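Below you'll find the structure, written out as structure tokens, and then a few comments.
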Amino acid sequence: MTHAHQHTSHGDSGHHHGHGHGGGPGGHPLDADGGQAEILDLDAEVLAEHIASITARLPLNAEPRRIVDLGCGTGAGTFALLERFPEAHVTAVDASAGHLQLLREKACARGVPDRVRTVQADLDAGDWPDLGTPDLVWASASMHHMAHPDRTLRTVHELLVPGGLFAVVELDGFPRFLPPDAPQGRPGLEERIHRATDGFHAEHVPHRGADWGPMLTAAGFAVEDEYTVTVGIEGNRSEAIGRYAHGTLRRIRGAAAPALDPEDLAALDELLDVGSRHSLLHRDDLVVRTERTVWAARRA
């Protein structure tokens, strides 16, 4: 079930695993395990309906023909936009050569290689490569990774054609999966894991949970739509949800471990042990719970 409600405030409950300005937080300690591409693909698979609902709601004056996807990762937004706008071409920008290679392979497999251009770039660099003059710029789960977000917003404003739209999509934090009374003997473990990463994320990702509305206005945009989508997807909807939960908690274990007590860490490791009957991969009570806030802002 997916439903939308008006956005009123931002939590700061945790960093997400999404597609940062390098297709995810490239070089970030959370990504040292090299499994980021898999998580991005699972995110795209599990939340496909949700991403499509956001692209459908964009307040466009006309169907865009030239789109730029900033921090595209392995292409969740790129392919959702290509499907939504069948006449459009997308320039997919990311710092990760590996993510871009996967995206190109997917474009070929889907029969749309001529509609996708990939550009490897560090969006925190002062000079961006030539990205054309897009009608629409899409930034999903990437803006909070920017070291200089104000500069990035101004650059996007200059990049867009007059009247063009900038869509900023940000997660409230890592998704949650377990019921509050789980696991047996350590109820509430998942929330304690996320709290254990708060200091780490405050240092490494200071813009998480930011309200992008005032910053967009300061950069010269007119914010035309702002809302939060609340997602709740039952685990029985897809076998991918168990893998999504496992991959997500595995990725944050390193950041959480120093602040967890030994009993909690042991319980987390049992959830991550694929050979255990208590593994996340074997649970039938998982629910994907997350929120994404969307800002749609126009260059006047």
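Just so it is clear, the model here is predicted, and its values are computed rather than measured.
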Worksheet item: What distance separates L260 CG from R192 CZ, expressed to the nearest 0.5 Å?
Response: 8.5 Å
Worksheet item: Can you check side chain to side chain contact (heavy atoms under 4.5 Å, CB included) on L100 and C72, steps first, answer last?
Response: CA-CA 8 Å; L100 293 174; C72 60; 3.6 Å; yes
Discussion item. Taking side-chain contact (heavy atoms from CB on, under 4.5 Å) as the criterion, tell me which of V229, T290, I233 meets it with H50.
Written reply: V229
Fill in: Co-members of the apolar cluster containing L281 [side chain, <4.5 Å]
V274
Fill in: Within 6.0 angstrom of R151 CZ, more than 12 heavy atoms from elsewhere
yes
Discussion item. Could you tell me if the side chain of L272 sits less than 4.5 Å from the side chain of L249, heavy atoms only?
Written reply: yes
Fill in: Heavy-atom check, side chain of W295 versus side chain of M215, under 4.5 Å
no
Practice prompt. Please report the C-alpha distance between W212 and T293 in whole Å, then the side-chain angles of each, then the deciding distance to 0.1 Å, and finally whether the side chain to side chain contact (heavy atoms under 4.5 Å, CB included) criterion is met.
Written response: CA-CA 10 Å; W212 293 93; T293 301; over 6 Å; no
Worksheet item: Any donor and acceptor pair, going by atom type alone, linking the side chain of R299 with main-chain N or O of L160 inside 3.5 Å?
Response: yes
Worksheet item: Quick one: does R253's side chain get under 4.5 Å of D269's, heavy atoms only?
Response: yes
Practice prompt. Using side chain to side chain contact (heavy atoms under 4.5 Å, CB included) as the criterion, list what pairs up with V112, not counting sequence neighbours.
Written response: F79, L82, A107, R110, R115
Worksheet item: Is D225 reaching over with its side chain to a backbone N or O of A296, donor-acceptor style, under 3.5 angstrom?
Response: no
Fill in: Salt bridge present between R176 and E191 (N-O < 4.0 angstrom)
yes
Worksheet entry | Between CD on residue E83 and OG1 on residue T55, distance to nearest 0.5 Å | 8.0 Å
Worksheet item: Charged N to carboxylate O below 4.0 Å: is that the case for D41 and R243?
Response: no
Worksheet, complete the sentence: Shortest non-hydrogen pair, P134 vs L159, comes out as CD-O, 3.4 Å
Worksheet item: Is it true that D43 and R251 have a side-chain N and a carboxylate O under 4.0 angstrom from each other?
Response: no
Discussion item. Can you give me the closest heavy-atom contact between A44 and I51, atom names plus distance?
Written reply: CA-CD1, 4.4 Å
Item to complete: Go through the steps for Y227 and I54 under the test side chain to side chain contact (heavy atoms under 4.5 Å, CB included), then give the verdict.
Response: CA-CA 10 Å; Y227 63 99; I54 294 175; 3.9 Å; yes
Worksheet item: About how many Å separate CG of L286 and OH of Y244, when rounded to the nearest 0.5 Å?
Response: 12.5 Å
Fill in: Side chain S279, main chain S276, donor-acceptor under 3.5 Å
no
Worksheet item: Is I252 close to H194 at the side-chain level, that is, under 4.5 Å between some pair of heavy atoms?
Response: yes
Item to complete: Measure across G71 and L123 and return the closest heavy-atom pair with its distance rounded to 0.1 Å.
Response: N-CD1, 4.0 Å
Worksheet item: Would R298 and E224 pass as an ion pair if we require N to O under 4.0 Å?
Response: yes
Practice prompt. State, with a plain yes or no, whether a side-chain heavy atom of R292 is found less than 4.5 Å away from one of L47.
Written response: yes
Worksheet item: To the nearest 0.5 Å, what is the distance between CD (E234) and CZ (R289)?
Response: 10.0 Å
Discussion item. Counting C-beta onward and ignoring hydrogens, is there a side-chain heavy-atom pair between W128 and L70 closer than 4.5 Å?
Written reply: yes
Practice prompt. Take N61 and L165 through the test side chain to side chain contact (heavy atoms under 4.5 Å, CB included) and record every step on the way to the result.
Written response: CA-CA 9 Å; N61 293 331; L165 196 72; over 6 Å; no
Worksheet item: For the hydrophobic clusters of this structure (ILVMFWY residues joined by side-chain heavy atoms under 4.5 Å, transitively), does one cluster hold both V46 and V169?
Response: yes
Worksheet item: Taking H278 for the side chain and E270 for the main chain, is one N or O donor matched with an acceptor at less than 3.5 Å?
Response: no
Item to complete: Measure the shortest side-chain to side-chain distance between L103 and D94 over non-hydrogen atoms and say whether it is less than 4.5 angstrom.
Response: no
Discussion item. Quick check: do E45 and S238 have side-chain heavy atoms less than 4.5 Å from each other?
Written reply: yes
Worksheet, complete the sentence: To the nearest 0.5 Å, atom CG of L189 lies from atom CG of L271 at 6.0 Å
Worksheet entry | E38 side chain vs G247 backbone, donor-acceptor pair below 3.5 Å | no
Discussion item. What I want to find out is whether R65 reaches D135 closely enough, with some N-O distance under 4.0 Å, to be called a salt bridge.
Written reply: no
Discussion item. Treating E263 as the side-chain partner and R186 as the backbone partner, does any N or O pair qualify as donor plus acceptor under 3.5 Å?
Written reply: no
Worksheet item: Counting N and O atoms only, with roles assigned by atom type, does the side chain of D124 sit under 3.5 Å from a partner on the main chain of M146, one being a donor and the other an acceptor?
Response: no
